There are 4 protein chains.
Amino acid sequence: MHTPTPSLPPEAPRRARRKEARPGELIEAALALFVEKGFAATRVEEVAARAGVSKGTLFLYFPSKEDLFKAVVRDTVAGRFPEWADELAEFQGDSVELVRYAMHTWWERVGMTPASGITKLVMAEASTFPEIASFYQNEVVAPGHDLIRRILQRGIDRGEFREMPLDYAVYSLIAPMIFLLMWKHAMTPCAPPSQQIDPLTFIDTQVDLILSGMLKRNQ
Amino acid sequence: MHTPTPSLPPEAPRRARRKEARPGELIEAALALFVEKGFAATRVEEVAARAGVSKGTLFLYFPSKEDLFKAVVRDTVAGRFPEWADELAEFQGDSVELVRYAMHTWWERVGMTPASGITKLVMAEASTFPEIASFYQNEVVAPGHDLIRRILQRGIDRGEFREMPLDYAVYSLIAPMIFLLMWKHAMTPCAPPSQQIDPLTFIDTQVDLILSGMLKRNQ
Amino acid sequence: MHTPTPSLPPEAPRRARRKEARPGELIEAALALFVEKGFAATRVEEVAARAGVSKGTLFLYFPSKEDLFKAVVRDTVAGRFPEWADELAEFQGDSVELVRYAMHTWWERVGMTPASGITKLVMAEASTFPEIASFYQNEVVAPGHDLIRRILQRGIDRGEFREMPLDYAVYSLIAPMIFLLMWKHAMTPCAPPSQQIDPLTFIDTQVDLILSGMLKRNQ
Amino acid sequence: MHTPTPSLPPEAPRRARRKEARPGELIEAALALFVEKGFAATRVEEVAARAGVSKGTLFLYFPSKEDLFKAVVRDTVAGRFPEWADELAEFQGDSVELVRYAMHTWWERVGMTPASGITKLVMAEASTFPEIASFYQNEVVAPGHDLIRRILQRGIDRGEFREMPLDYAVYSLIAPMIFLLMWKHAMTPCAPPSQQIDPLTFIDTQVDLILSGMLKRNQ
DNA sequence: CATGAATGAGACTTCATTCAT
DNA sequence: TATGAATGAAGTCTCATTCAT
């Protein structure tokens with residue numbers, strides 16, 4: 001599935017890589033370029049060059065640029081939720097800690113990695129590729145929504161959080177994440193230093209505020 | 001702002017000479033199409049057709065597609081902040097109401113109008129048009145940031161909100177707005193009914209939660 | 001016919017010019033621009049602007065850009081030969097002087113005036129406008145050829161010049177003229193000072209040499 | 001020089017890969033068309049078709065139509081002067097013969113070949129491409145001027161020609177050549193038989209006359 | 001007559017995709 | 001399997017020409 005960014009033996013010369021690695025490397029290259037320049041403004045030749053192969057080779061693995069795009073989304077997004085769900089189900093500790101842990105984990109495993117670009121990408125190209133947007137809906141949005149909902153429900157069940165309309169409360173946690181990704185990929189390169197956002201400070205501040213609003217009054 | 005399509009005589013003359021109205025109509029058409037399909041996927045001929053003119057006429061008013069895009073951003077975004085700033089400075093009432101009023105006003109004047117697409121557009125094309133992204137930073141992001149900061153400061157000064165790190169607290173209000181716009185333009189068309197967000201409910205829920213986190217404990 | 005370059009009452013304001021002057025002014029403007037930039041690279045709007053009228057007005061007088069071109073050539077070239085022929089027929093003095101006189105006259109009346117550009121123009125566009133080239137052949141080349149031939153014949157008849165194959169000898173005088181015009185219009189703007197040609201020195205030098213070759217040996 | 005169209009197998013494969021040969025073939029095709037129709041009136045697609053490739057292939061080798069034009073001039077004109085200079089430096093025989101030899105050689109190697117069109121082309125497009133005109137000045141005009149000057153100087157040094165102002169005397173030989181090229185490319189196709197110029201007769205006649213003017217009187 | 005806004009055919013150029021090697 | 005030269009559809013932009021005012 002998704003090729004983790006590092007972990008290629010660095011001594012392996014580019015030309016000698018195994019054939020099996022090709023699709024992953026192409027996808028990795030495409031992800032970076034699509035995120036950076038958008039789908040239309042990225043030339044397949046650039047993707048191929050960045051992956052160290054020729055233009056023709058790319059078409060050996062992906063029938064078209066659009067298919068490459070779909071593969072990028074599918075592959076990068078691919079099922080990390082089950083694993084997370086387990087992790088969170090087994091979490092010991094109060095729900096405030098759980099929320100903090102979840103957000104930090106998200107940042108470390110998604111937000112700060114190249115995979116984070118996928119969200120920006122999907123948002124930017126959603127109307128051009130409705131199929132992809134739907135896929136993202138099903139594979140990322142819905143599971144993510146569920147995961148967070150379960151976390152909040154846990155807090156309510158344990159008497160830590162007050163009752164709240166969960167359908168919308170989950171967006172209190174999703175919105176900062178989405179915002180952070182969009183900011184990181186779209187505005188950071190153009191923002192003056194005074195407008196730069198430090199991700200961890202941002203996350204902690206948002207989570208503190210949100211939690212403080214969610215906690216039962218008498219705490 | 002641009003002139004809304006004026007009452008065209010229904011008999012629609014073929015080659016009407018309407019120099020004053022053209023730029024606004026072209027910008028309006030371009031905004032809709034750019035938001036819907038992205039900058040690259042929109043053909044200038046489509047924009048012209050939607051504005052009811054020929055391809056050549058577009059280039060009479062905008063030297064290039066890129067200039068048209070810049071004009072769209074500039075025109076749609078153009079200086080609404082001074083007016084808002086005044087309005088908010090004169091606001092009578094407590095800061096909770098002010099925050100609610102500000103968010104509702106934003107939704108009515110930006111969020112629910114076609115202008116909302118600008119944000120999505122800028123985010124999507126930021127790396128292709130750094131100049132535009134910078135412009136947006138300066139003309140929209142920075143003033144918006146200031147406006148919200150002033151609102152929160154007012155609440156603190158009046159003893160309604162507790163002390164908080166304002167630089168990041170403002171994002172508690174910005175993030176839901178940005179999120180809502182991205183969602184509206186990117187995911188809504190592809191989301192199943194169960195995942196649809198009702199904007200006003202969303203805003204109210206977020207604001208309630210955030211405010212409840214910002215209020216002084218002893219309230 | 002051909003509007004002589006100066007001689008417009010300078011006090012006449014541009015806007016108040018008589019309508020009858022328009023075609024001549026357009027032709028004058030077109031000649032200058034066609035010579036400077038070539039037919040294709042000259043925009044009719046530029047011609048109109050230089051003549052102080054609008055684009056539409058130009059098409060009131062000339063049905064098309066091509067017709068304007070033809071008018072430029074026809075009008076600028078128009079019959080000056082009869083007059084010259086008379087002048088030269090009445091010339092008193094030896095044929096060496098006559099040749100010198102003819103060449104100097106040509107320079108003053110054609111070579112140094114804007115009309116000189118017409119030759120460059122016709123040569124440059126001959127293959128695109130064969131009809132124009134033919135016209136130029138008939139109206140300029142053939143009469144010019146005849147005129148020079150008559151001059152040389154006179155020298156032979158009077159025993160000043162030796163016998164020579166006239167058909168080709170005339171080119172000994174034509175070639176320097178054509179060369180000078182091409183040089184002036186094509187290379188002068190790009191040539192370093194060391195390669196600049198002073199027209200009168202050039203003419204005198206060429207004529208001296210040619211005459212010295214034409215004169216009877218025993219002189 | 002460019003590679004003359006090599007013996008193509010008559011079965012003409014559709015998508016032959018002939019990277020080495022393409023630029024030369026495109027330049028050859030472009031030379032012919034530019035000379036025939038002018039730069040602006042020649043469509044790149046025509047050039048490509050004449051070279052037997054598709055439009056896209058042309059842009060594989062030349063970034064723009066303008067670059068193609070520059071390449072045509074550069075390639076066709078490219079350094080033939082050193083070779084000629086040597087040849088003339090080693091010439092045995094009197095200077096009259098040398099001048100005749102030089103002129104005939106020029107005709108055979110330039111005047112009668114497609115390369116002759118370059119001069120017409122440069123003259124016609126000089127103001128549109130000042131850079132090209134400058135290049136031509138430096139690469140062709142100046143060296144040609146020098147070469148002829150050296151020939152005349154040789155004649156003077158050997159006591160064959162009389163003293164003369166060399167700066168302008170060289171034009172006595174250059175002017176007929178330029179004239180001949182312009183005539184050939186511009187007027188010949190449109191001239192009636194009676195006005196056709198036979199190049200060799202023309203050259204011989206001009207050279208005879210010029211030499212006869214240059215020779216020492218007592219010869 | 002004059003204007004200049006509007007038109008649309010046409011040209012250059014790009015780049016995803018194909019395919020001979 | 002890999003390459004990269006070749007293709008051609010598609011898109012931006014220009015500008016001669018038209019025509020409502």
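Values in this document were obtained by computation on a predicted structure and should not be read as measured data. In what follows, chains are A, B, ... by sequence order, proteins preceding strands, each numbered from 1. Side chains are part of it too, since the values below use all heavy atoms of this structure and drop only hydrogens, waters and symmetry mates.
Rounded to whole Å, atom P of F:dT14 lies 15 Å from atom CZ of B:Phe62. As rounded to whole Å, 13 Å separates atom C1' of E:dA11 from atom NZ of D:Lys37. For the pair C:Leu58 CG and E:dC1 P, the interatomic distance rounds to 15 Å; values are reported in whole Å. Between D:Leu26 atom CG and F:dT7 atom C1' the separation is 14 Å, expressed in whole Å. Atom CZ in A:Phe69 sits about 14 Å away from atom P in E:dA16, given to the nearest Å. What separates NZ of B:Lys19 from P of F:dT21 is a distance of 17 Å, to the nearest Å.
A side-chain donor-acceptor contact under 3.5 Å links B:Thr76 to the backbone of B:Val72.
Helix-axis bend for the helix from E:dA2-F:dT21 to E:dT21-F:dA2: the local axis fitted to the five terminal pairs at one end deviates from that at the other end by 10°, rounded to 10°.
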> Could you walk me through whether A:Glu125 and A:Thr128 pass the side chain to side chain contact (heavy atoms under 4.5 Å, CB included) check?
Replying inline: CA-CA 5 Å; A:Glu125 312 292 344; A:Thr128 316; 4.0 Å; yes

>> Between C:Phe59 and C:Val44, is the side chain to side chain contact (heavy atoms under 4.5 Å, CB included) condition met? List the steps.
In response: CA-CA 9 Å; C:Phe59 284 91; C:Val44 293; 4.1 Å; yes

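Across all strands, B:Tyr61 comes closer than 4.0 Å only to sugar-phosphate atoms, never to a base (heavy-atom distances).
Remark: the B:Lys120 side chain and the A:Ser127 side chain contain an N/O donor-acceptor pair separated by less than 3.5 Å. Of the N and O atoms on the side chains of B:Ser64 and B:Lys70, not one donor lies less than 3.5 Å from an acceptor on the other residue.
Counting only heavy atoms from C-beta on, B:Thr57 has its side chain closest to E:dA6 among F:dA6, E:dA6, E:dA2. Comparing atom distances between the A:Arg22 side chain and each of F:dA2, E:dT3, F:dG4 picks out F:dA2 as nearest.
Comparing C:Gly56 and A:Ser54 by the nucleotide of DNA chain F whose heavy atom lies nearest to each, the residue mapping closer to the 5' end is A:Ser54. With DNA chain E read from its 5' end, the first of the two nearest nucleotides for B:Leu60 and A:Glu66 is the one closest to B:Leu60. Between A:Pro63 and B:Arg17, the residue whose closest nucleotide on DNA chain E is further toward the 5' end is B:Arg17.
Using a 4.0 Å cut-off, no side-chain N or O of B:Arg18 falls inside it from OP1 or OP2 of F:dA20.
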Would you tabulate the pairs of protein nitrogen or oxygen atoms and nucleotide nitrogen or oxygen atoms of nucleotides 10-12 of chain F closer than 3.5 angstrom?
residue, atom, partner, partner atom, Å
F:dA10, N6, D:Lys55, NZ, 3.3
F:dG11, OP2, B:Arg43, NE, 3.4
F:dT12, OP1, B:Thr42, O, 3.4
F:dT12, OP1, B:Lys65, NZ, 3.0
F:dT12, OP2, B:Val44, N, 3.4

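Ion pairing between B:Arg18 and B:Glu25 holds under the 4.0 Å rule for side-chain N and carboxylate O. A salt bridge links C:Lys37 with C:Glu46: the closest approach of a Lys/Arg side-chain nitrogen to an acidic carboxylate oxygen falls below 4.0 angstrom.
The cationic atom of B:Arg74 (NZ for Lys, CZ for Arg) lies less than 6.0 Å from the six-membered ring centre of B:Phe135 and within 45° of the ring axis.
The aromatic ring centres of B:Phe129 and B:Phe39 sit less than 6.0 Å apart.
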